Amino acid sequence: MRKLFIAGNWKQNGRLALVEGALQTLSQQPEAMWQDCEVSLFLPYPLLDFAIDKKQMSGLPLVIGAQNVSAYADGAYTGEVSADLLAELGTKAVLVGHSERRALFDESEPLILEKMKRAHAAGLNVVWCIGETQLDREGGQHFERIRTQLVDTIRALGIAALSKIVIAYEPVWAIGTGLAASTHQIQEMHQYIRDLISDFDKNIAEQLRIIYGGSLNRDNIGQVLMMPDVDGALVGGASLDPSHFVSLCHIGTEVNKKLES
Ligand code: PGA
């Protein structure tokens with residue numbers, strides 16, 4: 001069984017005090033939760049060093065990740081942060097291709113590919129975010145959109161790179177809207193993604209974790225994680241409340257136990 005992956009994406013939110021609060025809440029959770037669930041927090045750049053320090057002191061197996069990474073090696077790129085620097089700080093993972101980066105900061109597929117290459121070379125794990133817009137779905141183009149986002153990049157990276165990648169399916173219309181996709185829509189797309197990867201390599205497709213994101217909370221995450229091709233969750237809004245976030249991890253581990261039995 002693929003290990004459950006629950007990640008919080010704080011976006012442009014959070015202060016030092018929230019890092020302390022989150023780490024404290026996480027450190028009170030039983031050992032069993034950590035065994036069954038890989039937990040990550042994707043934080044704004046300036047909080048990374050502080051969070052990594054705290055995490056190391058607490059000994060928690062929490063993964064601290066960044067929300068973005070530069071497409072370039074060190075050099076004259078004002079305001080950017082290189083994959084090598086992130087790795088040196090102890091950052092273990094990075095989000096690439098989040099829909100807010102695509103829509104608000106004009107990130108294109110070629111740029112996303114460069115970011116993935118940099119992250120890969122620096123040894124960072126990548127949570128690769130993909131998803132269709134409302135318009136794509138209304139026009140029946142949602143599968144095609146996902147295919148376009150995946151195929152060229154996989155060809156350029158090489159299928160083996162997927163062993164250090166988690167794919168996050170996040171329909172743009174479901175992010176921050178309170179309108180999560182239905183379990184049917186989620187399972188159908190996750191299966192489509194797994195089948196598509198399977199055309200490249202069956203084993204890698206079988207091991208690949210495909211997680212869902214978009215308006216998840218403690219009321220709907222259980223049903224979503226019951227779906228056979230859903231291996232975890234990327235959570236925005238609800239991850240800003242540490243007790244809500246850990247309840248999502250607990251619900252996830254409970255669901256996994258049910259599925260295993
Ligand atoms: P949301 O965000 O949970 O607030 O919808 C998800 C995301 O953007 O990763």
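Order of listing sets the numbers, starting from 1, for every ligand and every atom in it. It should be emphasised that the depicted structure is a prediction, and the values quoted were computed from it without experimental measurement.
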Kindly compute the distance separating SG (C129) from CD1 (I167), expressed to the nearest 0.5 Å.
10.5 Å
Heavy-atom cut-off of under 4.0 Å around ligand 1: list whichever protein residues fall inside it, by chain and number.
N9, K11, H98, E170, A174, I175, G176, G214, S215, L234, V235, G236, G237
Once you measure the plane-to-plane angle for Y77 and Y72, does it fall in the parallel (<30°), tilted (30-60°) or perpendicular (>60°) bin?
parallel
In plain terms, say whether E107 and K115 are close enough for a salt bridge, that is, a side-chain N and a carboxylate O under 4.0 Å apart.
yes
Which residue is it: R145, R137, R147, R102? I am looking for the one with a salt bridge (charged side-chain N to carboxylate O under 4.0 Å, His left out) to E132.
R137
Going by an N to O cut-off under 4.0 Å, is there a salt bridge joining K117 and E114?
yes
When you compare the side chains of H142 and Q185, does any donor N or O come within less than 3.5 Å of an acceptor on the partner?
no
